[in-house]
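Notes follow once the structure below has been shown.
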Amino acid sequence: MLLLALQTLRARKGALVGSFVALLLGSAVLSVCGILLESGLRASMPPERYAAADVVVAGRQQARIPGRSAAPKTPVKQALVERVPVRAEVAERIAAVEGVDAVIADIGIPAQVIGPDGMPLSAAGGALSTGHNWSSTRLGPYRLTSGRAPAAGHEVVLDTALARRAGVAAGDTVSLTTGSTPHVFRVAGVVALEGQPSPRRSVVFFSDQLTGQLAARNGFVDALGVLAAPGISAKELSGAVSDVLGGDPDLTVYTGDDRGTAEFLDVATTGSTLVVLASAVAGNIFLVTVFVVASTMSLALAHRRRETALLRAVGATPRQIRRMVAAEALMVALLGGVLGWPLGVAIVHWIRDRLAGHGFVPPDFQPVIGPLPAVGAVVITVLAACTAALVAGRRATRIRPLEALGEASVERRKLGRARLITAGVLVLGAVALFVTGLAQRGDFATLAGLANSLVLVMVIAAAVLGPLLSRASMRVLGPLLRMSRVTGYLAAENSMAHPRRLAGAVTPLILAVSFAATVVFAQTTAQHAAEEQLRAGLVADHVLTAPQGVAPEIVEQVRRLDQVEAATGVARSTVVAVRSGAGKEQLVSLSAQGVDPKTLGKTMDLKPREGSLERLDRTTIAISSVASSWLDLDVGDSVRLRLGDGTPLTLKVAAVYERGMGFADITFEHDLLLAHTTSRLEQSVLVRAAAAAHGIAPALAEVAQRYPGTVVQDRLAIDDQLHQQEANAWVNYLIAGLIVVYTAVTVVNAQVMNTVARRREFAMLRLIGTTPAQVMRMMRGESLAVVLAGVGIGTLTAIPALALVCLALTGSFWPTVPPLVYLLIAGGTAVLTMTAALVPARLLLLPTGSIAATGSKE
């Protein structure tokens, strides 16, 4: 049978192209998920400032549930977005370890050099410089190229790249801001980093005394670098340091390239982001890949019914046919799986550029290309193809040879009992999911999970019931097609007579439309709700922002203006909360804002639903209604949180508000949240003008000019306020795009394979006098039926899941559906479907001999 399979492949190169393309793209998409997941797990960057340290001790940039280890389906770790500090006293414990030569503290502070244009200087990747204590230069291979170390309070040392961009040298003066108004510093010297002519992060070095004063960390440092005594290896030192720390859950010991993870906070958070993204995509991608491969392989084998029947008639056993089918699938899957890997690598690099453009990964981040994703993609592709081929050939191998010959030319119109039972279970499951969602309308987490499961169940049910749905749709569309007399009648009768062929073309359309509609319209609904909440809730007249953050002292200066009634500084971060449900504890990341409760009501209306925002203080929080349902919290309940820098807190809920999508999931007292951010800078300042005030805009502009980079915006600058929501929406569009593009290829495959398989039918039509134009009109009618059925059923399939998503987001069943976007989805699928059917049909109708074509193969 292996030889027969090889001969079949040679004879059916064209028919196997569809299966090969589906397997190729399936392997590529699975490779993308695998590479992103591995890149997240192994995210690292070679150290620069820590390159001379043998061991680096830094805070653990992950929140964990105490006493729990990671499990695949239970998130017990979440990334912390702010730098986790290290207690300075830890240095004494490490210094006592045998083999330690020195322990050096590294302290970082905001420090931007102001360029000649009055704006902060940034590196090529857009990163701003940071300030550090001079003694930390021992942790990196720095050398003074000119000048000396900083001594006096207003002396600094710049790295060569930063000095060159600023146009200064040792002995010159430079304007520099450390989170306040710029001050003039004298450049005491310039340092170079050995082997790094252009460091990833430009650095300003201050004297140790001034750094401590500016940081005001109260006994905390960013990290501790450990230098080994002569003859002690980094591995030995790492083990000894780990032992003395006694498994402190808040500390991590780094060696090798992992030291770069401790140095660069963006690399640590990037890894967690990619893991979350890949994990969210992988499940859907896997199911879609298996679904698409199974659909394509089934369609390819369905077109070979005559061949299978003949093999059975000449004595081939069912086992032999199954072996032949499996061998064919194995060879095609191996080729497609292996070639899909380099395509997946190319797609990952394209995605990396898009992710960097939206700020999800650093501009210089490079994906990790390892062997495991390649092996996994090939194995999954092969297993899916072989399983699908065996299942698709099961019916043909179980019937008697004479029945097979009789069935080869006529489709079986009834569904098998097993298929009907499966469809019934799926339909009942979908109904149960939807009803459960209606009963849990206040639980955001449950609704989101049910919606995701519901769309998958609905699509699979539609695929299983494909022939029945196809016949039902033709009862509606048939009269419309028959209006065009001969060609329309042929189109309608053909579609009615071949429901399985119609279902094979319609099912990929249902998958593409339902997934696209669910993901895209869920995002449009969320964005519209966030925009409406922000427009209604932002009652300030002006907003001050800056790319690097706004200095907190601006708030007090603005408040002193006669034209200002109230000014509120808004600090931003991300916190981690513990969610309990179904007897398990999970960690969830939530957006957070810190505001002054005294001025909050005059600049921001969060629309409290329960409790009072005036009770907000350092022991309480206010929480959005979505987060309240997610965490199952009400006013007066206590919640365990970890702030962005890992600080654990247990706070009480003082209020629940409704406009969390436009602002933040959790609202803190301002100073509490700001003190636990890395930059100690405001994200924005909201300003409310006094009654009958004049000239407030010029007055605010005058204040902003004292702080380079700070700008005054009108209160309706909604796009800037919703930047993060738009970035998150883009990621979801990317996920939907991968699925839709993949299923779109399947749509093309199905249409091409169905059309090419009708060569003999077209030849017979030509012999009885049908003109090529009439055949093409018939094909246009059939393609129109496929499009209308696929788009219609796909839309209906997406409606229940969308209703649950909207119920979770807005409390309403009605999604925000931009007409042009829906027309783009429907129109795109229509163009693909029509083109994939009509182009092959036109080629088949070329004058190459109709009589010869009647004897052609299937």
Exercise for the section: Find out whether Val805 and Thr525 are in side-chain contact, i.e. whether some heavy atom of one side chain is under 4.5 Å from a heavy atom of the other. Expected result: no
Practice task
Please examine the side chains of Leu334 and Thr381, heavy atoms only from C-beta on, and report whether any two atoms are closer than 4.5 Å.
Solution key: no
Problem - From Arg777 atom CZ to Leu838 atom CG, the distance as rounded to the nearest 0.5 Å - result: 13.0 Å
Problem - Closest non-hydrogen atom pair, Thr833 against Ser783 - result: CG2-O, 4.3 Å
Practice task
Output yes when a side-chain donor or acceptor of Ser27 lies under 3.5 Å from a complementary backbone atom of Leu23, and no otherwise.
Solution key: no
Problem - Thr829 side chain to Ala826 backbone, donor-acceptor under 3.5 Å - result: yes
Exercise for the section: Kindly indicate whether the side chain of Met458, heavy atoms from C-beta on, has any atom under 4.5 Å from the side chain of Leu454. Expected result: yes
Practice task
Look at the side chain of Thr835 and the backbone N and O of Leu832, then say whether any donor-acceptor pair between them is shorter than 3.5 Å.
Solution key: no
Handout entry: Approximate separation, where rounding is to 0.5 Å, of Thr436 OG1 and Leu804 CG
Key = 9.5 Å
Handout entry: Side-chain heavy-atom pair Pro818, Phe521 within 4.5 angstrom cut-off
Key = yes
Exercise for the section: Would you please name every residue forming a side chain to side chain donor-acceptor pair (under 3.5 Å) with Thr524, sequence neighbours left out? Expected result: none
Exercise for the section: Measure from the side-chain N and O atoms of Ser629 to the backbone N and O of Val626, and report whether any donor-acceptor pair falls under 3.5 Å. Expected result: yes
Handout entry: Inter-residue atom distance Leu784.CG - Leu477.CG, 0.5 Å rounding
Key = 7.5 Å
Handout entry: Nearest non-hydrogen partners of Gly344 and Val32, listed with the distance
Key = O-CG2, 3.6 Å
Exercise for the section: Starting at CG of Leu509, measure out to CD1 of Ile793 and round the result to the nearest 0.5 Å. Expected result: 9.5 Å
Completion exercise
When every non-hydrogen atom of Gly340 is compared with those of Ser31, the smallest separation belongs to O-OG, 4.4 Å
Exercise for the section: Report yes if some heavy atom in the side chain of Val427 is under 4.5 Å from a heavy atom in the side chain of Leu465; otherwise report no. Expected result: yes
Practice task
Mind listing the closest non-hydrogen atom pair of Leu24 and Leu339 along with its distance?
Solution key: CD1-C, 3.4 Å
Fill in the blank from the handout: Between the CE atom in Met779 and the CE atom in Met776, the distance rounded to the nearest 0.5 Å is 7.0 Å
Exercise for the section: Taking the side chain as every heavy atom from C-beta outward, state whether Val791 and Tyr822 have any pair of such atoms under 4.5 Å apart. Expected result: yes
Practice task
Please tell me if the side chains of Val378 and Trp341 come closer than 4.5 Å, counting only heavy atoms from C-beta onward.
Solution key: no
Handout entry: CD on Gln523 to OG1 on Thr816, rounded to 0.5 Å
Key = 11.5 Å
Practice task
Evaluate side chain to side chain contact (heavy atoms under 4.5 Å, CB included) for Leu456 paired with Phe515, printing each intermediate quantity in order.
Solution key: CA-CA 9 Å; Leu456 291 173; Phe515 264 101; 3.2 Å; yes
Handout entry: Closest approach of Met834 to Arg780 (non-hydrogen atoms, all atoms of both residues)
Key = CE-O, 4.1 Å
Handout entry: Minimum side-chain heavy-atom gap Val506-Leu469 below 4.5 Å
Key = no
Exercise for the section: Would you name the heavy atoms of Met661 and Ala526 that are closest together and state the gap between them? Expected result: CE-O, 3.4 Å
Practice task
Please lay out, stage by stage, how Leu37 and Cys33 fare under the test side chain to side chain contact (heavy atoms under 4.5 Å, CB included).
Solution key: CA-CA 6 Å; Leu37 181 60; Cys33 293; over 6 Å; no
